[in-house]
There are 2 protein chains.
Amino acid sequence: MESMQPSPSELPLLKALWSKPQLSARELHDQVAGELGWSLSSTRKTLDRMIDKGLITVHDQHGLRVYRASVDKISTLAEMTRQFARAVLEIDGPLPASSFTGSKILSHEELEELQKFLDEEEGK
Amino acid sequence: MESMQPSPSELPLLKALWSKPQLSARELHDQVAGELGWSLSSTRKTLDRMIDKGLITVHDQHGLRVYRASVDKISTLAEMTRQFARAVLEIDGPLPASSFTGSKILSHEELEELQKFLDEEEGK
DNA sequence: ACAAGTACGCGACAATTGTCGCACGATGTC
DNA sequence: GACATCGTGCGACAATTGTCGCGTACTTGT
């Protein structure tokens, strides 16, 4: 049950959930609205659509709706990168890890994990 | 007068024009339709929109409309990659050239040129 | 001169994406 | 209890993208 790829505006929300595993719509909004200039409605709607796509899930926490990412950070990033490489640059083989150094959202360990994914997903 | 970024379906057409500087709608179609499964109409419409965006230009060649890319291959690819890196991986600095090795559409010289672009566009 | 094939201008439609607003019910406050 | 809030469900709209088809004018073989 592969989930769809996040659209550009969905990505920031996903990232927020990757850094904090559980957030309410309001919290998500406060984190992201600043740089995006969205209204709370936009944030909520985007969240809705992300549920439809299977990117996140909702859970009732003390009567409040909190969201959780349901796709893995590393594999999602790996897949997106792989697709980009294929579609835009037409690189089929494995990408070198060096491509990711400098990323502000990936730790050392994550970098290694990512690398592993890129090598594996090879066949696909 | 910066031109917009090509959408996914526009990219293959652009690539075709980068490899052969002048092509008619029909020729473009024959090159691309195969893998995309489009009808000629789709190809033409996509071409139309690319003109609107300033990605390509049309010229009357012996009474036939031929298309030419009006955006540069290297800088376009560099910009797209840069954007991807920033938006998805949050890498701001220059990307290492190694990220592009393996690309089937870039020659050695182009790789070097690309590298230069990535370093320059820094400020932006 | 006519039929068949092309090229081209345009309009059309559904799906996806970006953004909101409104109405309603639950909650907390004086 | 009346009111101001907040969280939610949902509907709405414009722009972009992916795909076509139609009608018309033009070229060309027989």
Side-chain angles (χ1 to χ4, degrees), chain A residues 2-17 22-68 71 76 80 83-84 87-88, chain B residues 2-17 22-68 71 76 80 83-84 87-88:
Chain A
E2 290 301 295
S3 314
M4 294 172 174
Q5 296 272 288
S7 80
S9 20
E10 291 164 353
L11 199 52
L13 274 324
L14 245 195
K15 284 185 187 169
L17 286 174
Q22 283 218 336
L23 292 171
S24 68
R26 175 77 62 185
E27 292 170 319
L28 249 336
H29 180 64
D30 291 340
Q31 289 235 336
V32 168
E35 57 172 323
L36 299 185
W38 284 354
S39 76
L40 178 60
S41 284
S42 299
T43 304
R44 290 201 308 122
K45 187 52 141 188
T46 302
L47 252 8
D48 282 354
R49 303 215 247 238
M50 290 171 77
I51 296 175
D52 292 346
K53 290 191 184 175
L55 292 174
I56 58 178
T57 52
V58 226
H59 306 269
D60 245 68
Q61 196 84 20
H62 312 299
L64 243 203
R65 284 166 75 82
V66 295
Y67 300 85
R68 279 189 225 153
V71 292
T76 301
M80 289 182 74
Q83 265 195 219
F84 177 85
V88 177
Chain B
E2 290 301 295
S3 314
M4 293 172 173
Q5 296 272 289
S7 81
S9 20
E10 290 164 353
L11 199 53
L13 274 323
L14 246 195
K15 285 186 187 168
L17 287 174
Q22 283 216 337
L23 292 171
S24 67
R26 174 77 63 184
E27 291 169 320
L28 250 334
H29 181 66
D30 292 340
Q31 287 235 337
V32 169
E35 57 171 321
L36 300 185
W38 284 355
S39 76
L40 178 60
S41 284
S42 298
T43 304
R44 290 200 308 121
K45 187 52 142 187
T46 302
L47 251 9
D48 282 354
R49 302 215 249 237
M50 290 172 77
I51 296 175
D52 292 346
K53 291 192 183 176
L55 293 173
I56 58 178
T57 51
V58 225
H59 306 269
D60 244 68
Q61 196 83 19
H62 313 297
L64 243 204
R65 284 166 74 83
V66 295
Y67 299 83
R68 278 189 225 151
V71 292
T76 301
M80 290 182 73
Q83 267 196 218
F84 178 85
V88 177

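In what follows, every heavy atom counts, from backbone to side chain, and hydrogens, waters and symmetry copies are set aside. Per chain, numbering begins at 1; letters A, B, ... match sequence-line order.
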Point to revise | Closest-nucleotide ordering on DNA chain D, the 5'-leading residue of A/A25 and B/Q5 | key: A/A25

Practice item. Enter the distance from B/L13:CG to B/L55:CG here, rounded to the nearest 0.5 Å. Key: 10.0 Å

Point to revise | Spacing of B/L47 atom CG relative to C/dG9 atom P, expressed in whole Å | key: 11 Å

Study note, to complete from the structure: When rounded to the nearest 0.5 Å, the distance separating CZ of B/R68 from CD of B/Q61 is 6.5 Å

Practice item. Indicate, with a heavy-atom threshold strictly under 4.0 Å, whether A/R49 touches base, sugar-phosphate, or nothing. Key: base

Review point. When rounded to the nearest 0.5 angstrom, what is the spacing between NZ in B/K45 and CG in B/L47?
Key: 11.5 Å

Review point. Between A/W38 and A/T46, is a side-chain contact (heavy atoms from CB on, under 4.5 Å) present by the stated rule, with each step listed?
Key: CA-CA 11 Å; A/W38 284 354; A/T46 302; 3.9 Å; yes

Study note, to complete from the structure: d(A/Y67 OH, A/E27 CD) to nearest 0.5 Å is 11.5 Å

Exercise for review: First locate atom NE2 of A/H59, then atom CG of A/L64, and finally report the distance between them rounded to the nearest 0.5 Å.
Suggested key: 13.5 Å

Practice item. Could you tell me from which nucleotide to which nucleotide of DNA chain D, 5' to 3', there is an atom under 4.0 Å from chain A heavy atoms? Key: D/dC6 to D/dA12

Exercise for review: Determine which pairs satisfy salt bridge (charged side-chain N to carboxylate O under 4.0 Å, His left out) with at least one residue from residues 4-17 of chain B, sequence neighbours left out, and list them in order.
Suggested key: A/E90-B/K15, B/E10-B/K53

Check your understanding: Quick one: B/D48 CG to C/dC8 C1', roughly how many Å, whole number?
Key -> 9 Å

Revision key, fill the gap. So OG1 of B/T43 and CG of B/D48: to nearest 0.5 Å the spacing works out to 11.0 Å

Study note, to complete from the structure: Its contact letters, B for base, S for sugar-phosphate only and - for none at protein heavy atoms under 4.0 Å, make nucleotides 20-29 of chain C read BB--------

